[in-house]
2 protein chains.
Amino acid sequence: MQDRVAQRRALLLEAALEAFGTRGFHAVTVREICAGAGLTERYFYESFKSLEALFSALYLQLNDQLKRATLAALIAANASSSAWDSSSRIDVLAGAALRVLLEFIRDDPRRARVMLIDAISISHDVQQISGQITREYMELTRRFIDQLFPNAASRGVDLDLIASGLLGSNIHIATHWVREGLKTPFDVVLRNCLAIYQALGAYWPKLAASTMPDKPTPAA
Amino acid sequence: MQDRVAQRRALLLEAALEAFGTRGFHAVTVREICAGAGLTERYFYESFKSLEALFSALYLQLNDQLKRATLAALIAANASSSAWDSSSRIDVLAGAALRVLLEFIRDDPRRARVMLIDAISISHDVQQISGQITREYMELTRRFIDQLFPNAASRGVDLDLIASGLLGSNIHIATHWVREGLKTPFDVVLRNCLAIYQALGAYWPKLAASTMPDKPTPAA
DNA sequence: TTAGATTGACAACGTGCATTGTCAAACATG
DNA sequence: CATGTTTGACAATGCACGTTGTCAATCTAA
């Protein structure tokens, strides 16, 4: 029966989240996954070719969940703010997306280990996937700031780099948050993540329109 | 002779930078390190207890180099700008530190793999070290922005979080830069890294003094 | 009930690696 | 020169894991 196969696959994915999300990819073996899932090794190879394949599947699954939730929140937020000024739209849109991300991590911190730490340091295959997904989020961010400030892409401002930086700030803050055991209150984390977007949003017009330092402060 | 031991240790560290920096920690074996160093396995254990110990030593070495260069650049930059306004001091100090970081990566991109990617995903021991070093850089950044804007730590602004975000933006931009083969010009990368600092610097007074959104834009 | 498929526990095999050991050649030093 | 130390190449051991195979127990369907 195919339902049985799918059910076992789901069990394996759950065990994978537990194992990879707590001990990290490289500390996990096939036997451990099977023990955690309450299955024997045979059923591992029934659904996955290797540990890497299992990790990839888990990673893609988590990412799909996050992406769906983010896009849903974004269109909902966008519907309720389409006529406001830029500053408010940053608050609403970036706030909505950041809230989804932080809730996703807070609700199950094992996801952070899988998505934010391990995914970028495993084999070439997984890094390809991770790179592709990162590029998707960068594209989302890039489009986001591009739409808010259409005149931004000038005078040495590189939207990809800014988007990469914003993404990195979110990732690092979230990772650090989890590492510290989520002891910082959720709203404080969200507020400060958002503050970076707000700061760039406020600074953007000045940045794009007027002086950008052409000699980037040679050191010493 | 102890010089001989130290020399072999240096050879091993160099081979480690090549191996870890190009293929990543988990794809590397003791034998490969020894082959790369032109030594036999015996001399590996003469200087290091395990691959992890070698990695830790390499990581600490690289970090020491970067830290020294950064501090030197900072005091040099600080000496030449002690009386200017806040905005210019951001440009000079953050610009100097960022320049050092980006040069360090550009001059040898293998360092990025070791310091920015692998160091956070290996065993617990290495993660302890990595966490400690991250905390040091966060403290540096935190002191940096704290000194520039003493009134900032108010109204829900968490300097640790902002520092973490800035650090994350640098790390992510640098990592992405290396992944893309350093094809983006150095000055463009530097300018845009710096822009995030400048944006926060410009936004800070407003942020700390006046309205910070107390309800963080509930989504949907 | 009975034949065929499915399951579960676990043994078996092969592999790749860390780690230690062997031994002869090269070397330094009295 | 002679002796003890250092070096280099590589074999030997042991372990942990991935992967496949065995076999009896259980379940399913006529």
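So you know, we letter chains A, B, ... as the sequences are listed, proteins then strands, and number each from 1.
- Between Glu46(B) atom CD and dT5(D) atom P there is a gap of 16 Å when expressed in whole angstrom units.
- Residues Thr22(B) and Arg113(B) fail the side-chain proximity criterion, which asks for heavy atoms closer than 4.5 Å.
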Quick one: side chains of residues 163-170 of chain A, donor-acceptor pairs under 3.5 Å with protein atoms, not counting sequence neighbours, listed by atom name and distance.
unit_1, atom_1, unit_2, atom_2, d
Ser164(A), OG, His172(B), ND1, 3.1
Ser169(A), OG, Leu166(A), O, 2.7
Asn170(A), ND2, Leu166(A), O, 3.4
Asn170(A), ND2, Tyr197(A), OH, 2.9

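- For the side-chain contact (heavy atoms from CB on, under 4.5 Å) with Val189(A), the lone residue among Leu194(A), Leu98(A), Ile173(A) that qualifies is Ile173(A).
- Using cut-offs of 30° and 60° on the angle between ring planes, the pair Phe20(A) and Phe25(A) is tilted.
- In this structure, the side chains of Tyr43(B) and Val5(B) stay at 4.5 Å or more apart for every pair of heavy atoms.
- Here Arg135(A) does not pair with Glu139(A) in a salt bridge; the nearest charged N to carboxylate O distance is not below 4.0 Å.
- To the nearest angstrom, P of dC10(C) lies 15 Å from OH of Tyr43(A).
- Using a 4.0 Å cutoff on non-hydrogen atoms, the parts of residues 5-18 of chain B near DNA chain D are Arg8(B), ordered by number.
- Salt bridge annotation for Glu46(A)-Arg9(A): absent, with no cationic side-chain nitrogen under 4.0 angstrom from a carboxylate oxygen.
- Each end of the helix from dT1(C)-dA30(D) to dG30(C)-dC1(D) gets its own axis, taken as the rotation carrying the C1' atoms of four end pairs onto the next four within a five-pair window, and the two axes meet at 10° to the nearest 10 degrees.
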Enumerate all atom pairs, one protein N or O and one N or O from nucleotides 28-30 of chain C, separated by less than 3.5 Å.
none

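- No donor-acceptor pair closer than 3.5 Å links the side chain of Asn192(A) to the backbone N or O of Ile162(B).
- With rounding to the nearest 0.5 Å, the separation of CG in Leu12(A) from CG in Leu54(A) is 6.5 Å.
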Between N or O atoms, less than 3.5 Å apart, protein on one side and nucleotides 13-23 of chain C on the other: list the pairs.
unit_1, atom_1, unit_2, atom_2, d
dA18(C), OP1, Val30(B), N, 2.9
dA18(C), OP2, Val30(B), N, 3.2
dA18(C), N7, Arg31(B), NH2, 2.9
dA18(C), N6, Arg31(B), NH2, 3.4
dT19(C), OP2, Tyr45(B), OH, 2.6
dT19(C), O5', Tyr45(B), OH, 3.3
dT19(C), O4, Arg31(B), NH1, 3.4

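- Distance CZ/Arg111(B) to CG/Leu101(B): 11.0 Å, rounded to 0.5 Å.
- Taking both residues in full, the closest heavy atoms of Met138(A) and Asp160(A) are given as CE-O, 3.4 Å, listed atom of the first, atom of the second, then distance.
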Which atom pairs, one a donor and one an acceptor, fall under 3.5 Å between side chains of residues 27-37 of chain B and the rest of the protein, sequence neighbours left out?
unit_1, atom_1, unit_2, atom_2, d
Thr29(B), OG1, Glu32(B), N, 3.2
Thr29(B), OG1, Glu32(B), OE1, 3.3
Glu32(B), OE1, Thr29(B), N, 3.0
Glu32(B), OE2, Arg23(B), NH1, 2.2

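- More than 12 heavy atoms of other residues, nucleotides or ligands shown are found within 6.0 angstrom of CD on Glu180(A).
- The separation between His26(B) atom NE2 and dC17(D) atom P is 14 Å, rounded to whole Å.
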